[in-house]
Structures are given as structure tokens and as C-alpha cells.
Amino acid sequence: MTNPIKYNKKVMEHFSNPHNMGELENPDGVGEVGNPVCGDMMKISIKVEDGIITDIKFLTFGCVAAIATSSVTTTLVKGKTLDEAEKITRKAVADALEGLPPIKMHCSNLASDALYKAIVDYKKKHGIPLSEEEIGREKKIDEEDIHE
Amino acid sequence: MTNPIKYNKKVMEHFSNPHNMGELENPDGVGEVGNPVCGDMMKISIKVEDGIITDIKFLTFGCVAAIATSSVTTTLVKGKTLDEAEKITRKAVADALEGLPPIKMHCSNLASDALYKAIVDYKKKHGIPLSEEEIGREKKIDEEDIHE
Amino acid sequence: MAEDKFIYFDNIATTMTDPEVIEAMLPYLNEKFGNPSSFYEFGSQINDDIKIAREQVAALLNADPDEIYFTSGSTESNNWAIKGFALANQSKGKHLIISSVEHYSVSHSAEFLKQLGFEISQIPVDEFGIIKIEEFKKLLRADTILVSVNFANGEVGSLQPINEITDILKERKIVFHTDAVQSVGYIPIDVKKLNIDMLGFSGHRFYGPKGTGALYVKKGIRILPLINGGVQESGKRAGTENVPGIIGLGKAAELAQKQMPSYIPKLTELRNKLTDGILEKIERVKLNGHPEKRLPNFVNISYEFLEGESILMMLIMKGIMAASGSACQSKALKVSPVLTAMGVPADLAQGSILFSLGKHNTMEEVEYTIKELPTIIERLRMMSPLYHKFKKNQ
Amino acid sequence: MAEDKFIYFDNIATTMTDPEVIEAMLPYLNEKFGNPSSFYEFGSQINDDIKIAREQVAALLNADPDEIYFTSGSTESNNWAIKGFALANQSKGKHLIISSVEHYSVSHSAEFLKQLGFEISQIPVDEFGIIKIEEFKKLLRADTILVSVNFANGEVGSLQPINEITDILKERKIVFHTDAVQSVGYIPIDVKKLNIDMLGFSGHRFYGPKGTGALYVKKGIRILPLINGGVQESGKRAGTENVPGIIGLGKAAELAQKQMPSYIPKLTELRNKLTDGILEKIERVKLNGHPEKRLPNFVNISYEFLEGESILMMLIMKGIMAASGSACQSKALKVSPVLTAMGVPADLAQGSILFSLGKHNTMEEVEYTIKELPTIIERLRMMSPLYHKFKKNQ
Ligand SMILES: Cc1ncc(COP(=O)(O)O)c(C=O)c1O
Ligand SMILES: Cc1ncc(COP(=O)(O)O)c(C=O)c1O
């Protein structure tokens, strides 16, 4: 009934040895979500070449799940096209970690949201127009961020 | 705090091997107190010769303490004059048993009361006038008996 | 009987903790001492063990594991069920019905609610201590929210007509609670089949540890916590879990489920032998409770012209431990309110002795008791003025 | 550190049961299984053993034995004290005052009373988690019947000014209750000298068994039972006694009284060493709670730019078990309400870790922790966007 948090091996691997940790110098796009008051904050920076994410780094303030989802998201994205990367869902992130404790599922949102915002940031900077859908998703992320 | 009843050795001796148990044939005096509904009932019969209680027997319906106080009372009385026997107090009975559990103290009342009533019965039958005090005590015993 | 041994016929007071139960508990007193609420696995892994205990208890009652809440014993469980349900549902009505033969943990809880404006009705019982169904029906009102009737009468062991009660209540959506402390582990109980909404019991009555118990609360039923605080037991019963106790209770439930099929017939045989032996060998006695519809381990008999304590003491002197009523009621009461409610006259109720059997009792012990008891009764009757009067009038 | 060993720095969550306590309990799980309420000596003699346990607990607090009531733990004790006192004394007034840093077992009990028409005021605390005496005085009303302030703040260990509180209350005849769960066994408590009216605690926090606790209630104070039923505990707390638990609690009290003089200085030394080591070696940290006026075993420190869970996990990976707050509160809360009440900003409160020491901890363990922690903090900060921002702005 009381269910203290239990992480699986995969999560622990990413937490203990996170991939792509840090901040890119002169990134092509940056996305930041969350805030310290609500306990999770993520910053993702990307390098893009010919529509492909060639490098990515994350910074995370947060729990074990937040760090692990950040790490696994970066590994999922590297080498993908922007379109492919955009489509990485919250579920894909959780699946790549072979599951998260229920009360930690929201962390997978944060990671995919931060990535999304980095891509949008890149597109804006490079004059790539956003579709209605993309604008909507960005707005939604920002709103959630405040309300959380 | 919860204090189940604990009897001492002396009480247990009298309970296990009660003295003067039974009913005298053709007694000179009989005293009965208590009733089955309230859980204790005692009947004491005495033989009196020249103002001396030469024989005594008891019947008791009741708990361990009731039986033990009946038994010890008979031993205290045998061979005593009526005057001496009348003066056997509730305390004397309890003392002769080396103490009773607090919630069982009322049993020592019953035994001395039954004895008292047997003596009064003898006196009435033999035309020995009762003092004011004696009449008062008898009345009190009967009243208590009902109220108990 | 061996010098150092005695016959324990007071299994309704408490039972010995089964060695397997103790063994199951020991690690949680020792190395597995962590707090289940902790973050690290050393503590949190204990939740898995508690989960198993919850499943074991649920299985015994055919409940779902998340319908089982661990408590400190049936007294707490009963208090919680009655007060917690009444307080959570008072907007629906403030009328409660209990039987007139409830343990104080039920009747005093109801008493407490009276002060908060609730009304309590009591169902009368017949001569066997079984509730009168027709009278019960008459007590039901539009504002009745809860009915509480023990599974078996705690003093004479008569089984209550649970099925009939819940059938009546189902239509009216009134919730049913039962104090099953003397029944769990002595008779199969299926809360689903019987449509029971809440059921409380203690571990120590069926070879589990003291200080443990549970309340079964059917899914969907709202009760307020009795004990507020942390989020243990889904936030319904706060306080750091009594881990060794819970593990022990689970084990006891498992053992009961496994062993009941073998010990119930044995208990029934011993019970019948003891009952018949006493009724045959001693005159002027009366079996209290229903002759058939009773728990397999209850033998409550009244001995005319006698008072219970002196019988108990003589039994002790013969190495036999029994009781003159419910061990956990007040010592001060001379006459059991349960027997009184059943219409047993006060003088007869005084002389009632309850032998309650357990899985460790033997036929040899029963036979020894049947042999010794007539002498004891005879001896005490020889002292009884009531018996002398009876003889004279014969 | 040895492979199979770990460092247990979460003694406020629970402690291991002392082997002497287990040894004292075992006979009552085994051969001494009788019910203390029974008539025969096999059961009733257990009352003598319970009496000793009651004396042992009373001695630890300088209370009279008949002022000690055994419960299932401090959560029950606190619930009972607050609800039971309020309900018994509502004719005198319906206003209660609690501190703003109480455990849920106190604050939710007060919450419960609100529904019954009581009013609750909360005393604000200063930056150390200590109640503001002047503010407290302002809250007192003519209809105030009860004040409840923990003996030591349960999360940072700051000691409350009990003496000052009870001095103020004495004149006004207002009753004082204190939740002393983190203090009993860690600091001498004299209820007489301190004029405490009610005090609750758990056994498992000072090497006693889980599922045990007590409530001290000063003679003359009337409280209603929380758990109604039989006459156990002078009719104030019903239910068959958890005999092994009570015996164990008594033993734990005895051991605490005997051992405190030696382990308090030791704990204090370890605490100071750990506190100083961390404050020296790691930048941007903040000691929560009062630097001196705190329990000898609490080290609650916030690490800027970090979140607690990831620190805890890294500590676990180094074999160190600690907590990020009160183990028995809700898991769902990200920020401790206690730290919030103390005015610790949310982001700083997130990164707070509580090391709570116990008598089995060693200087070696403290030194190991001081050695490992800076690396952990450094590693996590390297991941933290907040730390990066801070560095850039320096
Ligand atoms: C200050 C305080 N009071 C009471 C409790 C409740 O203690 P228990 O779970 O032992 O009942 C806790 C639990 O952590 C606590 O920290
Ligand atoms: C019928 C019944 N219900 C409840 C109880 C209370 O059980 P416990 O003392 O284990 O809480 C008893 C105790 O004898 C009982 O006989």
C-alpha cells in the first residue's frame, strides 16, 4: 500500500553514469523546463547539422528519475533528424528506461519537453517556420511548467 | 492496573480444606446473609452451651474469598463466648486470613454478618434481650443485604 | 497429568504464538529492522514482505489484499469500523444497530457515538444468544447506516445468522460490520460470499502475536481514520508499521488456512466429547449457547447452586485453566451481560464455566477433565446452602 | 567499509531492536503467552511483569507508574492525547493551540477536531524551527484548553522551550501535551520538573520494538479513551495487552536510562564532527535547526542547487542510509512542511538531508561520510543547471 520508490536497473545505470551530461558551448538550440521550487528542472542543449542532431547535452536538477530520463533522452536523440527527435514521446522515454515508478512518470514528460523546446528554439533561431501543431505544443509545455 | 484476583496461601488453605463445613442438626442459632443473585450467600449455624459457642458450621455459595472467610470465621469463634464472638469484626476476619484482595474485602463482611445474625437468632430464641446497639446492627445488616 | 504441565482450556482468552509464527517474526526484530517508509531498499523492501502478509490475511477471509488494514488488535479494529464509518457517513443517517451480545469494544464504541448525536438500537437475542431476526427487521429505519453483529457470540460461541442479516441489508444498502475475533481461524469465513462489509479480528486468538489485528473494509466503503498521521496503510491507519507483528499475523493466517481442515474436525470431536461428558456425568447443569450452531471450540456450561470463581479455582488446583466468561471484560461484573441478555437467570449465570479448546488440546485432556469435574462440582455443592435447600425440598 | 555492512544514519525512522530487548520479549512470545486478565496465575502473574515494564517507562520520564498507559505507538498516543482530552474537556472550551511544526499525528488529530467544532491555532516558528514565545502568548484565549508542541522539532531536532511554555500555561490551568517521539531516549526528560501534562512516544525509536508506545497522562487529567472496550490499562486503553511489546518497551526504557549518560556525549561528539565536517568541506550549505539547542543526534543540512532524492541515492551507492525528511510523512510531498514553516526557501528545502545518529554509530562511519559526501555533492552539482547559473554569475 505505502509504496516507496523503487527504480529498476536501467534507471540506476543512467543515474550512476549519465550520458551526455553538461552544457554545449555555442549550442544551436536550448530548451529549459521546470523550476527549482517544484523540484525538477532540466536544460537541454543541441547541435544540429543538416537537420540532424549531432550533439546533445543535459543539465538536471532533480530526482533520480529526472536525471535518468535526461540521460536516456539524450542517447535516444543523438544522430536523429529533428523530425524524428520531435516525435520522441514521453512514453518512448519511459520505455527506454524499461519503466518508471508510477509517481515518477511525470519526469519522462520533463525530459521530452525540454528536448522539444530545444528543437523549437533551434527552428526559431534558424527561421524554420513552426506548424500550428508545434506552436500549440510549445504553448502547452510552458503552461504546464507554470502550473506544476 | 488491571488487577486479577490474587489470593494468599492462608486463603487458599481455607478454601482447599475448609473447617467446619456443613450444617448443624438442631442448631441453637442460625444466620443467613446474601443471596444467589448477587453472587454470595452464607449460612452459619451454632450450638451454644453456657454462653459459649461449642460448635459452628457454615454453608457458602460464593467465591474463593467467601468460602475462606466462612471457614476462618468458624475457627475464630469456636469456644468463644457469645460476647466475644459478637465482637469479631470484619477486620479480624480479614486479618486472620492475612489479608484479602481489595475487591474481595466485602466477603469478610458477609462472614461476620452471618455469624452475628446466628447469635442474634440464638438470643431471640432464648429470650435474651437485645441492646439498642444490637438491634441497630441487625437492621443494618439486613438493609445491606437487600441493597447489595 | 504430568507435574509441570497444565491443561489450557482458555483459548478464547489468548493462544500461544505458533513456533512458526515466532520464527517468521524474528528476522524483523533483528536484522530486518528498517522502516518500510524509507527510501533505501533496506527499509523499503520490507513492503514486499508486508504485502505477502496482507495477501495471507486476505486469503484467509477471501478478501482482496487492499481491503485489509493492519491494526493493533480487534478492539482497535472494532472501534475504528464503528466510529470511523459512523463519522464518515453521518450525512446519510445517524442510526446504528448492534446486537445485545456484543463485546465492549463494539458496544462502548456505539456508546461513544451516542454523545455525538447518534442513536443506537440493540437487537435482542434468543435463549441461545442468537439474534432474533424478526426483531432485527423491526429495528431497521430509513436513517440506519450501520449494523454490527458478532460473527459468533463471544461467550457461548453461538453462530449468528450472518447470511440472513446481510441479505436483508443488501436491499437497503446498509453497511454490515462483524466482530469475528473468536471465529477467525476456527471456522471458514468468506467475506465475499457472506456479503460482509467490515470485519475485525485479533492475531493472538489463533496462534498469532499479541498486539496485532486487522480490519477488513470492502472496497468502496468510506471510513474516517481512527488514528490520524502518516500515510501508512494507504493513509487510513497511521503509525510506523508493527512489522514483526504484521509478518507474524500473516504467517498465522497462512497456518490457519492450511491447518483448519484438519483441526476443525478434531476440535469438534473434543468439544462434543467434553460437552456430552459433562452433561451426562453431572446433574443440574445447562449448556449455554446453541447445541449445534456454535463454534467448534466452545463449551459453556452452567452448574446450578454454584458460583464460577470457586469452580475455576478448584479446576486450577487440578491443573485445568478455564474461564468464567470473556477474559477481556470487566472483572468487577459478577454476572455476564451476554448470559443475562440470553435470559439465563443470574444465579445460574454465576456458575457458568467456559472451556475453550485449541489446536494443541488432546482427547486425554478432555477425558481427564470429565473425570475430575464431577468431584469438584460435588465438593462445592456440599458447601452450598442452595444445594442443601434443593436436596431438602426434593 | 566492509562489503556487507552499511552505515545506518536514519535512526529517527526507526532503530534496531536491542538484543537485550528481544531477549526480554521472547519468553512472552513463547511459554508466557497467558492473557494478563485471566484468573489463573499462568495469565495473571504477567501483570507483575507488566507492572515492572510500567515502572521502567515511568522511571525514564520521572512519572508515576500509574501515569503511564501503553499504546501501539506515538501516533496512537498523540491521537489519543489530543482527541481524548479535547472531547473530555470541551465544556471548558473548544480552542486548541499547536505548533506549526507538528507531525501529522498531532496536526491531523487537531484537524479532525475542527469538524467537531473545535478551533485550532498554530504557533509560528523562527528560522530554527523553535516556536515564537511572544506569538504563542498572543494566541492564548479564555477558551483555550490544550496546547501541543513537540519536545524537539521532528525534522531538524531543535529543542522547544518546554519550560517557558509550561510556566505560561500553569497560571492559566491550560493542559500541555508534547510529542516526544524523537526525544525520549536521546535526552533526559523529567515530566515533573518540566510540568508536562501529557507526553507521547514510540518504542522503536530508541531500540524498543515496533508497535509499542506509551502516553504519559498526569494524574488528575481526564481524557476519554480513543479505543473503547475492556478494562485494560485502567479502562483507558482497551484491548488485550501486547505483552511481548510492553515487556520490550520496558526493557528499552531501562536500557536508555542506564546507557544515556554514556551515549549522549558520544552522539554529541559524532553529531558535531559530522556537522562541522560537512560545513567545512562543502560550500553553499546550510545547517537546518538550531546549532546548539538541538537533539544530540540530528544533522539536517541543505545543499544548494540540489534535490534530496538524488543525494540520498548517491549516499546509498556509498552504503550510507539517510533521509530527506521525516520518514513517516507523506512521500508525495516534495517539500517538507516543517522546513517551509521555518522559512527555508523551497529550492533549498528540496536539497536537505537528515543524518540521524544512533548509539551504534561510530566515528569511523562519520569520517567516511565526511570523506564521501563532498564528491557526491560535487558530482550532482556538475549536473545541476542551477549550479551552472550560479557559477556563471559569480
Ligand atoms: C515528530 C514525530 N512524531 C510522531 C511520529 C510518529 O511515530 P510512529 O510512526 O512511531 O507512531 C513521527 C514519525 O516519524 C515523528 O517524526
Ligand atoms: C467477542 C470479542 N470481541 C473482541 C474482543 C477484544 O479482543 P482483543 O482484546 O484481542 O482486542 C474480545 C476479547 O475477549 C471478545 O471476546
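The chains referred to below are lettered A, B, ... by the order of the sequence lines, with proteins before strands, and numbering in each begins at 1. In this text, all values refer to a predicted model and were calculated from it rather than measured experimentally.
For D/Asn79, the part lying near chain C is the side chain, with the backbone staying farther off; criterion is any non-hydrogen pair under 4.5 Å. The part of D/Leu87 that comes within reach of chain C is its side chain, from C-beta onward, which places non-hydrogen atoms under 4.5 angstrom from that chain. Proximity to chain C (any heavy atom under 4.5 Å) is shown, for D/Asn30, by both the backbone and the side chain. When heavy atoms are compared at a cutoff of 4.5 Å, D/Ile22 approaches chain C solely by way of its side chain, counted from C-beta outward. If you measure heavy-atom distances from D/Thr212 to chain C, you find no contacts under 4.5 Å at all. Only the side chain of D/Phe112 comes within less than 4.5 Å of a heavy atom of chain C; its backbone N, CA, C and O stay farther away. Neither the backbone nor the side chain of D/Lys32 comes within less than 4.5 Å of any heavy atom of chain C. Only the side chain of D/Ile316 has a heavy atom closer than 4.5 Å to any heavy atom of chain C. When heavy atoms are compared at a cutoff of 4.5 Å, C/Met313 approaches chain D by way of both its backbone and its side chain. Contacts of D/Glu31 with chain C are absent, with no heavy-atom separation under 4.5 Å from either backbone or side chain.
Residues C/Tyr104 and C/Pro337 meet the side-chain proximity criterion, which asks for heavy atoms closer than 4.5 Å. Side-chain atoms of D/Asn150 and D/Val101, non-hydrogen and from C-beta on, do get closer than 4.5 Å to each other. Within the 4.5 Å cutoff, side-chain heavy atoms of D/Ile376 are placed close to those of D/Leu315.
Most heavy-atom pairs under 4.5 Å with chain D, from the set C/Leu312, C/Thr17, C/Ile227, C/Ile246: that is C/Ile227. Ranked by non-hydrogen atom pairs under 4.5 Å with chain D, the options C/Gly245, C/Ser202, C/Ala238 are led by C/Ala238. In terms of non-hydrogen atom pairs under 4.5 Å with chain C, the most contact-rich of D/Glu76, D/Met25, D/Glu41 is D/Glu76. Of the listed residues (C/Asp18, C/Leu226, C/Val21), the one with the most heavy-atom contacts under 4.5 Å to chain D is C/Leu226.
Aromatic rings of D/Tyr69 and D/Trp80 (six-membered ring for Trp) have centroids within the 6.0 Å cut-off, being under it. If you look at D/Tyr8 and D/Phe355, their ring centroids are not closer than 6.0 Å. Between C/Tyr40 and D/Phe6, the ring centre distance reaches or exceeds 6.0 Å.
A salt bridge links D/Glu111 to D/Lys114: at least one charged side-chain nitrogen sits closer than 4.0 Å to a carboxylate oxygen. Using a 4.0 Å cut-off between charged side-chain N and carboxylate O, D/Lys251 and D/Glu23 make no salt bridge.
A cation-pi geometry, defined here as NZ or CZ lying under 6.0 Å from the six-membered ring centre and within 45° of its normal, does not hold between D/Lys210 and C/Tyr28.
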